[in-house]
Amino acid sequence: MTTVKPIQIYCENNGTTLYVDEGATLGQVLEMLALRTESPVVACFADNRMKELSTRIYSPKSLRYVELTSPDGMRVYARSLFFLLHKAVLDLYPEARLRVMYTAGRGYYCELDGAGSVGAEQVEAIRKRMRALVELNLPIVREKLLFSDLEKIYREFNYADKLALLGTRPQCFVTVYNLAGLPGYFYGAMVVSTGFLTVFDLQAFGGGFVLRMPRRDDCSKVEPMRLEPKLFSVFQQNKEWADILRISNVGSLNSRVLEGEASEMIKVGEALQEKTLAQIADTILERHNKNGAKTVLVAGPSSSGKTTMSKRLSIQLRVLGLEPQTVSLDNYFVDREKTPRDENGDYDFEALEAVDVETFNADLNRLFAGEQVEMPKFRFTDGKRYYDGTTLQLGERGILIVEGIHGLNPGLTPHVEEHLKYKIYASALTTLSLDNMSVISTTDNRLLRRIVRDSKYRGRSAYDTLRGWASVRRGEDKYIFPYQEQADVMVNTALFFEISILKQHAQPLLARVPANTPEYAEALRLLKFLDHFVEISDQELPPTSILREFLGGSSFHY
């Protein structure tokens, strides 16, 4: 008779140690723990490695269960919903091809290739089929297949996007998921069955539809639909750029790199960005001549390349005969003792109240009136504002460029007339996807930029950057994203090929994150993500590229 070996388990969620039978699943251990969580558990970190709840345990583990409303939980839930959606579309419209395109209004914008414009009737049919599959509580099974066997399956299903990705990173075995006979290759863990996926909705939008996700504060409800026409138009423009560059997903990107076309992609991608900035400069000149616009307010989330974008825009404005001057919002910080504090009692430097709005507005209006103004400076060492005699005066062709996270917030310039302002929202709005079913998060794009920049210029390790990223994201959600549609124009600073360039710089930094820290799980996720890209050298990247702000080698002074 075989004796079942007890396995020691430590649960990080509640600090509990217990012994379970060898071969017990993470789901069974969860039931034994009887954890009280605010939202459903959808997966688990076992020794900082993401696993499905169906995973069996055969050695001692430290476990950290993942709730739906956490960033990791939302990723698991979204991937699983994509698979459910894929199955529903295949059942109803077998000749169509589902494409999950990009984030939209806290959901995901999707299209059906081969089905024309998607209307309310089609959306309702897909929703009903998804609900029926949820009711059936079908298992989502993780399995490993021989690479050659998976190739045959994908050829039968005509999955050119998945074949393109797998073909540029061949391996002996590939981890896939199976839902009622439908194979799926996904980047990361999934829920164990369709019964978990009870909260979602679909809404027709822009020729396609939006897959709506659970709310972060109440996962029993879906996120309200937020129409963001300006952001949507930028993503649609990116689709046109993708056609020009012949890059629809990472597989096609890798293929072009392997064919020796990286140099051409870099040149065309940079030229497309420069063309956009030149068009914006033309608009600013028109506003300046017709309405008297005197300041360009540039805002955007962390690591969006706002500084380099502003410098390149300044050059375009000079070409048109304007005389741009730069004003740093940092110099208008209130003295340290007046800085507001957050809920944890720490200084909240990202709050609007950390800026001396009254002085800033007064100085702007004096400059617009043609006066010579002594400009403040801020000493970060002791948190004091001071003046050293530096002055600024705008001529008839002068225009100010102000970069800061609050640029689009009406509360920053309440005493400046609207016709004097031109507002720009800049962000790395990548629309590149791994394949038709796996989008790349714009947040991941920016995080990789920041990891590389923090290491090179700020002496911070990838561990430090990852540890502070959640706080950065909270500030963006609070102070930046609510105002993005206030912009006159949105600028996409992402380059289709940039993750292939960032890879060589980010990988060694991520590899040094200690394995016994929670941040290791995120580092491992990003390393696996980067493994999908064929590396591109940064040698042909021009010195004016936005990427140079993070990699070094820029011809601009920062």
Side-chain angles (χ1 to χ4, degrees), residues 231 234-235 237-238 241-242 244-245 247 253 262-281 296-319 324 326 328 401-405 407 424-432 440-458 465 472 476 480 484 487 489-506 533 536-558:
L231 187 62
V234 173
F235 281 129
Q237 181 191 55
N238 267 23
W241 287 10
I244 292 172
L245 289 165
I247 300 172
L253 169 65
S263 177
E264 180 188 355
M265 283 193 297
I266 290 173
K267 291 181 177 67
V268 175
E270 294 285 349
L272 285 168
Q273 275 195 349
E274 198 62 36
K275 181 179 180 181
T276 297
L277 293 176
Q279 291 170 338
I280 292 172
V296 179
L297 299 166
V298 182
S302 172
S303 304
S304 289
K306 299 183 293 293
T307 303
T308 301
M309 191 223 75
S310 297
K311 291 179 181 297
R312 285 170 60 173
L313 179 61
S314 292
I315 293 172
Q316 292 291 344
L317 292 172
R318 290 186 183 280
V319 169
T326 301
S328 174
I401 295 181
V402 181
E403 177 204 327
I405 67 169
I424 299 175
Y425 176 78
S427 189
L429 302 170
T430 180
T431 56
L432 190 67
I440 293 176
S441 166
T442 59
T443 300
D444 283 349
N445 197 153
R446 293 189 292 109
L447 176 54
L448 289 169
R449 285 180 172 186
R450 181 156 178 151
I451 287 170
V452 173
R453 184 194 65 188
D454 282 0
S455 173
K456 189 170 187 66
Y457 293 111
R458 301 182 181 181
T465 302
V472 172
E476 294 170 351
I480 299 174
Q484 61 189 19
V489 68
M490 291 187 175
V491 178
N492 179 20
T493 67
L495 294 156
F496 284 91
F497 51 80
E498 73 171 81
I499 296 176
S500 299
I501 292 179
L502 287 168
K503 176 180 178 177
Q504 62 190 303
H505 299 274
F533 292 79
I536 297 177
S537 169
D538 62 8
Q539 287 186 342
E540 291 203 46
L541 202 63
T544 56
S545 174
I546 282 172
L547 269 187
R548 289 293 179 195
E549 182 177 329
F550 308 95
L551 301 176
S554 178
S555 56
F556 293 118
H557 176 70
Y558 297 99

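Throughout, residue positions are numbered sequentially from 1 according to the sequence presented. Just so it is clear, the model here is predicted, and its values are computed rather than measured. Values reported hereafter were calculated over all heavy atoms of this structure, with side chains retained and with hydrogens, waters and symmetry mates removed.
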4.5 Å side-chain heavy-atom contact, [X] and [Y]:
X	Y	value
V268	F497	no
I280	V296	no
P301	Y425	yes
D538	L547	no
L253	S500	yes

Would you compute the distance between atom [atom1] of [X] and atom [atom2] of [Y] and round it to the nearest 0.5 angstrom?
X	Y	atom1	atom2	result
I440	L448	CD1	CG	10.0 Å
L432	I499	CG	CD1	6.5 Å
K306	L313	NZ	CG	14.5 Å
K503	F533	NZ	CZ	9.0 Å
R453	H505	CZ	NE2	15.0 Å
I424	S310	CD1	OG	7.0 Å

Check for a donor-acceptor pair, side chain of E476 on one end and backbone N or O of S302 on the other, with a separation under 3.5 Å.
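Flag set: sc E476 to bb S302 pair under 3.5 Å.
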
Can you tell me if R548 uses its side chain to pair, donor with acceptor, with the backbone of P543 under 3.5 Å?
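Side chain of R548 to backbone of P543, a donor-acceptor pair under 3.5 Å: no, none is there.
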
Could you list the residues that satisfy side-chain contact (heavy atoms from CB on, under 4.5 Å) with [X], not counting sequence neighbours?
X	value
V234	L429, M490, N492
F556	T308, K311, R312, I315, T544, S554, Y558
A299	L408

Heavy-atom closest contact ([X] atom, [Y] atom, distance):
X	Y	answer
A494	Q273	O-NE2, 3.4 Å
G552	Y457	CA-OH, 2.8 Å
T430	F235	O-CE2, 4.0 Å
P324	S314	CG-O, 3.6 Å
P542	I266	CD-CG2, 4.2 Å
Q504	I536	NE2-O, 2.7 Å

Please identify each residue that fulfils side chain to side chain donor-acceptor pair (under 3.5 Å) with [X], with sequence neighbours left out.
X	answer
T443	none
Q279	none
E540	S263, K267
E270	S545

What pairs with [X] under salt bridge (Lys or Arg N to Asp or Glu O under 4.0 Å), at least two apart in sequence or on another chain?
X	result
D454	R450, R458, R460
K456	none
E549	none

Applied to residues 489-502, the salt bridge (charged side-chain N to carboxylate O under 4.0 Å, His left out) test, sequence neighbours excluded, yields R449-E498

